[in-house]
Every structure is written in structure tokens, then in C-alpha cells.
There are 2 protein chains.
Amino acid sequence: MIRLGKLTDYGLLLMCQVVRTRSRKNHTARELAKECHLPMPTVSKLLRILHQNGLLASQRGIKGGYVLARDPELIPITEIISALEGPFALTECSSDVAGLCDLEPSCPLKENQRVINQVVRSALARVMLSDLARPMQLTAIRDGKGNLVPITGAAIGRTQ
Amino acid sequence: MIRLGKLTDYGLLLMCQVVRTRSRKNHTARELAKECHLPMPTVSKLLRILHQNGLLASQRGIKGGYVLARDPELIPITEIISALEGPFALTECSSDVAGLCDLEPSCPLKENQRVINQVVRSALARVMLSDLARPMQLTAIRDGKGNLVPITGAAIGRTQ
DNA sequence: AAGAAACAGTACTGAATTAGTCTGCTTTTA
DNA sequence: TAAAAGCAGACTAATTCAGTACTGTTTCTT
């Protein structure tokens with residue numbers, strides 16, 4: 001399967017929790033850990049990374065905590081994923097670093113790897129955090145032209 | 001990054017090689033291994049899996065080998081990926097198997113994981129093997145930075 | 001009919017990656 | 001100034017993955 005790390009999954013969960021409870025002034029790592037049933041050190045680490053990538057704003061000190069840096073409508077989930085998983089690449093070859101692959105000079109796939117990558121990425125870039133945080137309400141995404149496309153009809157390929 | 005295993009990458013490479021040289025009556029594992037600069041046992045294993053999933057047809061015996069089971073225009077790369085990586089799922093939660101996740105009863109993300117999954121999958125389902133096997137003829141253009149961008153969906157999100 | 005060439009399948013090993021934990025430090029406010 | 005909270009990196013354990021080896025089965029050729 002195409003893999004998203006557990007930590008990324010947790011990260012998405014945390015961000016959703018922040019969105020869902022954003023009436024609160026701020027969110028401490030401890031609170032979020034409890035609410036999401038995740039170990040506190042892990043949550044702490046994730047929140048720090050999300051902060052470093054401009055997705056959360058942090059306040060230190062005894063009354064500190066985290067708040068969302070932007071409206072959830074303005075946060076594509078690709079940003080969260082990139083923050084936690086590093087540069088977006090399906091394989092080593094599709095990254096921008098050269099020389100990672102022995103086959104590189106002879107590999108005719110390299111360019112197309114980039115394309116696969118781009119297809120996945122642009123598809124995910126249309127899903128916003130606000131879409132994720134409202135369970136059950138996401139029945140459509142926007143296609144390349146900005147039109148809404150029902151999710152259910154989007155599936156091609158067979159179900160396994 | 002979203003991860004595709006090396007073996008899957010090799011599998012895509014092999015399938016492309018078969019397509020590109022399909023004037024040959026058949027393709028032995030040995031030939032393909034040499035042409036793709038991959039170890040022969042690995043190639044053998046991959047070809048067998050691809051065959052089991054109905055992507056290649058095999059002929060045993062001294063004059064045996066593999067041929068493409070269908071026209072490359074009819075093979076979405078999701079099929080190749082699913083064959084080599086197992087059921088399409090970005091995280092454990094998004095698979096159909098229940099009970100894998102401790103958080104399941106309280107996890108409000110579960111449904112949306114499915115959505116993310118579906119978004120990626122339906123995007124990839126539109127890319128056919130024939131598209132991959134013809135480098136440079138793909139429906140993609142280069143943007144200002146030299147990155148390939150599919151013309152079907154204007155890439156949103158920022159480039160990292 | 002026998003042997004060679006090629007596919008089929010399984011099991012094991014070593015390596016790489018990842019998740020998670022621990023420890024200590026810095027900042028801020030009551 | 002002490003406590004609460006964030007900051008940072010190192011370390012360990014577990015899991016996953018790639019690769020290899022070995023054995024069996026099929027079919028063609030001589």
C-alpha cells in the first residue's frame with residue numbers, strides 16, 4: 001500500500017482536534033494527548049514540528065499552548081503531510097536529489113515518477129484541513145477547474 | 001513522504017520495459033533483469049506476482065516467458081501498485097479491516113482517511129501504463145521551475 | 001526419454017526505517 | 001522564583017522490507 005507513517009496520521013488527528021475545539025484559547029500538548037488518546041511525548045514532538053512548519057502558533061510559559069496559525073480552510077493537508085513526512089516523494093527517484101539511484105542514467109522512468117508524484121500531490125492539495133475536521137460532510141472535492149466532484153463517483157479502478 | 005516500496009518501483013519499471021519491447025514474442029525474467037539492471041531473483045518474483053494479478057500472461061517451459069496480458073492502455077497503474085503493495089490504503093485505519101486501531105471507537109478521522117485514500121486512488125487510476133511507457137508524451141507540461149505538472153488538474157499547493 | 005531452460009513457491013537473513021522514550025534545557029507567568 | 005509549558009536532540013526497540021537461497025514444476029528439444 002501507499003504508506004503514510006503513523007506519526008503523520010497522528011498529526012492529522014491532532015490538527016483536526018485543534019480545529020474542532022478551537023473555541024478554546026489555546027491547546028496544551030497534555031490536553032491534546034489526552035483527548036486523542038496518544039502518548040504525551042509523541043504529541044509534544046508532533047506539535048513542535050507542526051509549529052516549525054508554520055501550521056501552529058505556540059505560546060511558551062505557564063499559560064502557553066498551541067493555536068492554529070491560519071484558518072483551516074487555508075491549510076491543505078499536503079502541508080501537514082509534508083511537514084511530518086518530509087519532501088513529497090513517492091520514491092527516491094522522484095525526489096530532487098540526484099545520484100540516489102544506481103539506475104539513474106539508464107532509468108527511463110525517472111521523469112514519469114515525477115508525474116505520478118505530481119498527480120497524487122495535486123489531488124491531495126485540494127483537500128483542506130477544514131474538510132477533514134468535519135466528518136461526514138465531505139462528499140465532494142474540487143477538480144482541476146474548481147468544480148465540485150462527488151467523491152463516490154470518483155472511484156475508477158477496482159476495489160480490493 | 002508518501003512511500004511506494006522499491007519493489008513497486010521495480011515493478012513499474014519492468015512493466016514499462018515489457019511494453020516498450022513488446023515486439024518480442026515473449027520476455028524472460030533473465031532478459032528483463034539484464035535490461036533493467038535488477039537482480040534476477042527479484043525480477044522473477046515480481047513477474048510472478050504481476051502474473052498472479054492478471055497483468056502478465058506466462059508461458060512455462062524452455063521457450064517460455066511473459067507477455068502483457070492486456071493492452072497497456074487498459075492497465076491503470078493503480079493495478080500494478082495494488083498488486084505489489086497489497087490493498088490500497090494510506091494507513092491501517094483506511095483499510096477495510098476493523099479493529100486494527102486502538103483509537104477506533106473514538107477516532108473521528110476514520111471516515112476521512114477513507115476520503116484521502118479515495119482522492120489519491122482516483123487520481124492515480126487515471127494514469128495508464130501506456131502513459132508511463134512513453135516518456136515525454138505524457139499529458140503534462142513543465143512549469144516555470146521545470147517541474148512537471150499534469151494538465152488535467154492545475155496543481156494547487158506550494159512547491160517544496 | 002532425458003536433460004535443459006524457464007517459471008513457481010517458500011523460507012530465511014540482514015539491513016534500513018520508524019516509532020517511541022528519555023533526559024536535559026529554555027521560556028514565561030503567577 | 002518556582003512551576004508549567006514548550007524546545008531539542010539522542011538513544012533504543014520494534015517493525016518492515018529487500019534480497020537470497022533452495023527446491024519443485026512445466027515444457028521443449030534432441
Side-chain angles (χ1 to χ4, degrees), chain A residues 1-11 13-14 18 24-34 36-53 55-67 69 81 84-86 89-92 95 100-103, chain B residues 1-11 13-14 18 24-34 36-53 55-67 69 81 83-86 89-92 100-103:
Chain A
M1 25 182 151
I2 294 190
R3 273 264 159 61
L4 222 48
K6 271 192 192 180
L7 289 178
T8 306
D9 204 17
Y10 296 165
L13 185 57
L14 288 170
V18 171
R24 291 209 297 255
K25 280 183 287 273
N26 65 32
H27 309 257
T28 66
R30 198 176 304 276
E31 281 169 352
L32 290 170
K34 192 173 181 187
C36 295
H37 306 96
L38 295 172
M40 153 70 181
T42 301
V43 169
S44 180
K45 183 198 250 177
L46 288 171
L47 293 174
R48 201 192 323 143
I49 295 170
L50 292 167
H51 167 240
Q52 285 167 341
N53 285 79
L55 294 163
L56 294 172
S58 82
Q59 176 64 42
R60 286 188 166 201
I62 192 170
K63 278 223 156 185
Y66 292 94
V67 290
I81 294 171
L84 296 170
E85 304 254 346
L90 281 173
T91 64
E92 286 177 349
S95 75
L100 285 174
C101 176
D102 307 343
L103 314 173
Chain B
M1 24 185 149
I2 295 190
R3 273 264 158 60
L4 223 47
K6 270 192 192 180
L7 289 178
T8 305
D9 204 17
Y10 297 164
L13 185 57
L14 288 169
V18 170
R24 293 209 296 256
K25 279 182 287 273
N26 64 32
H27 308 258
T28 65
R30 198 177 304 277
E31 281 170 351
L32 289 170
K34 192 174 182 186
C36 294
H37 305 96
L38 294 172
M40 154 70 180
T42 300
V43 170
S44 180
K45 182 199 250 176
L46 288 170
L47 293 174
R48 199 191 327 138
I49 295 170
L50 291 167
H51 167 240
Q52 286 167 339
N53 286 78
L55 294 163
L56 293 173
S58 82
Q59 177 63 43
R60 286 187 166 200
I62 192 170
K63 280 223 155 187
Y66 291 95
V67 291
I81 294 172
L84 297 170
E85 303 255 345
L90 282 173
T91 65
E92 286 178 348
L100 285 174
C101 176
D102 307 342
L103 313 174

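In what follows, chains carry the letters A, B, and so on, assigned in the order in which the sequence lines appear, proteins first and then strands, with residues in each chain numbered from 1.
At whole-Å resolution of the value, NZ in A/K25 and C1' in C/dT29 are 15 Å apart. Between the P atom of C/dG9 and the CG atom of B/L46 lies a distance of 14 Å, rounded to the nearest Å. In this structure, A/R24 places its CZ atom 13 Å from P of D/dA5, rounding to the nearest Å. Across the protein-nucleic acid pair, B/L32 atom CG and C/dA6 atom C1' stand 13 Å apart, rounded to whole Å. The distance between atom CG of A/L50 and atom P of D/dC7, rounded to the nearest whole Å, is 11 Å. A/L56 has its CG atom 14 Å from the C1' atom of D/dC7, to the nearest Å. When rounded to the nearest whole Å, the span between CG of A/N26 and P of D/dA5 equals 9 Å. When the C1' atom of D/dT16 is taken as reference, atom CD of B/E85 falls 12 Å away, rounded to whole Å.
Remark: A/Q52 pairs with A/R48, A/I49 by the side chain to side chain contact (heavy atoms under 4.5 Å, CB included) rule, at least two apart or across chains. Not counting sequence neighbours, the partners of A/T8 by the side-chain hydrogen bond (donor to acceptor under 3.5 Å, both in side chains) test are A/E85. With sequence neighbours excluded, no residue forms a side-chain hydrogen bond (donor to acceptor under 3.5 Å, both in side chains) with B/R60. Considering only residues two or more places apart in sequence or on other chains, A/T42 meets the side chain to side chain contact (heavy atoms under 4.5 Å, CB included) condition with A/L7, A/Y10, A/P39, A/L46.
Around the CZ atom of B/R24, the shell of radius 6.0 Å holds more than 12 heavy atoms that belong to other residues, nucleotides or ligands.
Within the 4.0 Å cut-off from OP1 or OP2 of C/dA8, at least one side-chain nitrogen or oxygen of B/Y66 is found. Taking only side-chain nitrogens and oxygens, B/R30 comes nearer than 4.0 Å to OP1 or OP2 of C/dA6. Between B/Y10 and D/dG19, a side-chain N or O to OP1/OP2 separation shorter than 4.0 Å is present. When the side-chain nitrogen and oxygen atoms of A/S58 are compared with OP1 and OP2 of D/dC7, one or more of them lie within a distance under 4.0 Å. Dashed line: the shortest gap from a side-chain N or O of B/S44 to OP1 or OP2 of C/dA8 is not under 4.0 Å.
Nearest to the side chain of B/R48, among C/dT21, D/dT20, C/dA8, sits C/dA8. Distances were taken from every side-chain heavy atom of A/K6 (C-beta onward) to each of C/dT21, D/dG6, C/dA19; the shortest belongs to C/dA19.
Of the inter-residue distances, the one linking B/N26 atom CG with B/E31 atom CD reads 7.0 Å to the nearest 0.5 angstrom. A distance of 11.0 Å separates CG of A/L84 from NZ of A/K45, quoted to the nearest 0.5 Å.
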Intermediate values then yes/no, side chain to side chain contact (heavy atoms under 4.5 Å, CB included), B/T28 and B/L32: CA-CA 6 Å; B/T28 65; B/L32 289 170; over 6 Å; no
Residues B/L14, B/C36; criterion side chain to side chain contact (heavy atoms under 4.5 Å, CB included); working and verdict: CA-CA 7 Å; B/L14 288 169; B/C36 294; 3.8 Å; yes
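Comparing B/L7 and A/H51 by the nucleotide of DNA chain D that holds the closest heavy atom to each, the one mapping nearer the 5' end is A/H51. Nearest-nucleotide mapping onto DNA chain C: of B/K45 and B/M40, the residue sitting toward the 5' end is B/M40.
In the helix from C/dA1-D/dT30 to C/dA30-D/dT1, the terminal helix axes, each the rotation mapping four pairs' C1' atoms onto the next four within five end pairs, subtend 10°, rounded to 10°.
As judged by a 4.0 angstrom heavy-atom cut-off over every strand, A/Q52 is placed among residues touching the sugar-phosphate backbone only.
You'll find the side chain of A/L56 stays beyond 4.5 Å of the side chain of A/V67, heavy atoms only.
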Where protein sits on nucleotides 22-30 of chain D, one letter per nucleotide: B base, S sugar-phosphate only, - none, heavy atoms under 4.0 Å: ---BBBBS-
